Amino acid sequence: MSTNGRRNLWQRFVVGNEPSLSPFERLQQQMEDILGNGGVLKEVIYPGDGPPVPQSASVLMHYSGFLEYSERPFETTSHLKHPRLVKLGRDVSLSGMEVALLSMRKGEFSRFLLQPRYAYGEMGCPPLIPAAARVLFEIQILDFYDLGGVDELVQMTVEEQNQFPFSKVMEAADTLRSCGNRCFKQSRFEKAKEHYKQASVLLGNRANVSDGERAEIRAALLPLYLNLSLAALRLDAPQKALKYANRALAMDGGDTKALYRCAQAYAELRQYGSAHACLVKARTRRPLDSDVNSLLKTITMRYKQSLDKEKQLYTKMFPGFESQQKM
């Protein structure tokens, strides 16, 4: 909420027929008591869609916390381009915040008034939060992922995993990939790699599958290997990037993205000849791909430079080498 919006809110509750009531006291008159004991009060500003946030979810949200009579938040994520995923039961320190999140749905924007025992307690959190302070949180749920069942599945033995319905395993892998994509967009490449790898291992462990199921697994593994390769490149691990890109090529030898990832890894390893070969093959499949053509131009120049240096080295080592090359 903007500063003007916050000021209008306080003006709305300070000016009224009951001047003896504070802004929070006025606000709570129109809020829902979601616990029944007055500890956490809620006002929905914009409703969300779908089911409420489950207890095992990882939540992507924006929030701002306010003290009474304050127009500026003591804590906010509104300035962050990519807010982090917060796992319930682990990353949320305020019990009232967790209660609030469990009452929300995807896309919802709500306001919550927390009593001290559900916020920072009788001691507060000096110097920002005074003792026994009530706090107001404005929360927007951008998205959430239910990883509870997924976490349990990942921790099972291979034999136990194979007893699960195939559709549930595929759903778990898709959830892990979505979480990985979200972490990757936030530049949390190590966490993204962890999710991608869990999904690929889960699919790779599946045994006794039909031809149709095997095709589904292959189709799901290909983007996972490509994502693992890109995450490894971002983590400055070109050997691992090459390993995963080659796994993708083993599934589809002509996949342009896999060839491009291989070329990127080879370039980091300064194996320009191999990078050049991958890009030439990729260009035959997609001649107008700007990424492929741009990297090919760069690699061609570096490849030529490396050959020239190699030639100069041989010339110094073997004085007659250059004259023999001209014959």
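Worth saying up front: this structure is predicted, and the values here are computed from it rather than measured. Just the heavy atoms: all of them, side chains too, but no hydrogens, waters or symmetry mates, feed the values below.
- Tracing side-chain contacts under 4.5 Å through hydrophobic residues (I, L, V, M, F, W, Y), one reaches V53 starting from L114; they form part of the same cluster.
- Formation of a donor-acceptor pair under 3.5 Å by the E98 side chain with backbone atoms of G89 is found in this model.
- The shortest heavy-atom contact between R105 and G50 is NH1-O, 2.6 Å.
- With a 4.5 Å cut-off on side-chain heavy atoms, V169 and L202 count as touching.
- Residues L228 and K243 form no side-chain contact, since every pair of their non-hydrogen atoms from C-beta on lies 4.5 Å or further apart.
- By the neighbour-count criterion of 12 heavy atoms within 6.0 Å, atom CE of M123 is sparsely surrounded, having that number or fewer from other residues, nucleotides or ligands.
- Note that CG of L295 is 5.0 Å distant from OH of Y260, once rounded to the nearest 0.5 Å.
- In this structure, K42 pairs ionically with E108, as a charged nitrogen and a carboxylate oxygen lie closer than 4.0 Å.
- Between R111 and E43 there is a salt bridge, with a side-chain nitrogen of the basic residue lying less than 4.0 Å from a carboxylate oxygen of the acidic one.
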Item to check | R247 vs L221, side-chain contact (heavy atoms from CB on, under 4.5 Å): CA-CA, chis, key distance, verdict | outcome: CA-CA 9 Å; R247 286 187 183 179; L221 277 173; over 6 Å; no
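- One finds the CG atom of L235 at 8.5 Å from the NZ atom of K240 (value rounded to the nearest 0.5 Å).
- Tracing side-chain contacts under 4.5 Å through hydrophobic residues (I, L, V, M, F, W, Y), one reaches L101 starting from Y118; they form part of the same cluster.
- For the pair T77 (side chain) and L80 (backbone), a donor-acceptor distance under 3.5 Å is absent.
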Next on the checklist: Evaluate F74 against F66 for ring-ring contact (aromatic ring centres under 6.0 Å, His included), listing each step before the verdict.
Outcome noted: CA-CA 6 Å; F74 61 81; F66 297 88; 7.6 Å; no
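- The six-membered or imidazole ring of F184 lies near that of F189, with a centre-to-centre distance under 6.0 Å.
- The main-chain N or O of P83 is found under 3.5 Å from a side-chain atom of Q186 such that the two form a donor-acceptor pair.
- A donor-acceptor pair is defined here as one N or O able to donate and one able to accept, closer than 3.5 Å; no such pair exists between the side chain of R286 and the backbone of T256.
- Proximity of a side-chain donor or acceptor of S229 to a complementary backbone N or O of L226 within less than 3.5 Å is not detected.
- With hydrogens and angles ignored, the 3.5 Å screen pairs no side-chain donor or acceptor of Q161 with any backbone N or O of R206.
- You'll find the side chain of F164 reaches within 4.5 Å of the side chain of M156, heavy atoms only.
- Atoms OH and NZ, on Y244 and K197 in that order, are 4.0 Å from each other to the nearest 0.5 Å.
- Considering only heavy atoms from C-beta on, S22 comes within 4.5 Å of R134 through its side chain.
- Using a 4.5 Å cut-off between side-chain heavy atoms of Ile, Leu, Val, Met, Phe, Trp and Tyr, with links allowed through other members, Y272 and L259 fall into different hydrophobic clusters.
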Item to check | Residue pair E194, R188: steps toward the side-chain contact (heavy atoms from CB on, under 4.5 Å) verdict | outcome: CA-CA 10 Å; E194 179 184 326; R188 300 171 63 198; over 6 Å; no
Item to check | Test log, rule side-chain contact (heavy atoms from CB on, under 4.5 Å), inputs F137 and L94 | outcome: CA-CA 11 Å; F137 277 99; L94 302 184; 3.8 Å; yes
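- Taken to the nearest 0.5 Å, the CG atom of N293 stands 9.0 Å off from the CG atom of L279.
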Next on the checklist: Assess the residue pair S58 and V86 against the criterion (side-chain contact (heavy atoms from CB on, under 4.5 Å)); give the C-alpha distance rounded to whole Å, side-chain angles, the decisive distance to 0.1 Å, and a yes or no.
Outcome noted: CA-CA 5 Å; S58 290; V86 176; over 6 Å; no
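- Around the NZ atom of K87, the shell of radius 6.0 Å holds more than 12 heavy atoms that belong to other residues, nucleotides or ligands.
- Distance check, rounded to the nearest 0.5 Å: CG of N205 to OG1 of T157 gives 9.5 Å.
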Next on the checklist: Determine whether N181 and Y196 satisfy the following criterion, side chain to side chain donor-acceptor pair (under 3.5 Å), listing intermediate values before the conclusion.
Outcome noted: CA-CA 9 Å; N181 290 344; Y196 295 146; 2.6 Å; yes
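- In this structure, NZ in K257 is found 9.5 Å from CG in L230, a value given to the nearest 0.5 Å.
- Among all heavy-atom pairs drawn from N162 and A207, the shortest one is OD1-N, 2.7 Å.
- Counting only heavy atoms from C-beta outward, the side chains of F112 and S103 approach each other to under 4.5 Å.
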Checklist entry - Which is it for Y225 and D255 under the side chain to side chain donor-acceptor pair (under 3.5 Å) test, yes or no, and what are the steps along the way? => result CA-CA 12 Å; Y225 288 146; D255 186 86; over 6 Å; no
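- E68 places a side-chain N or O within donor-acceptor distance of the main-chain N or O of F24, the cut-off being under 3.5 Å.
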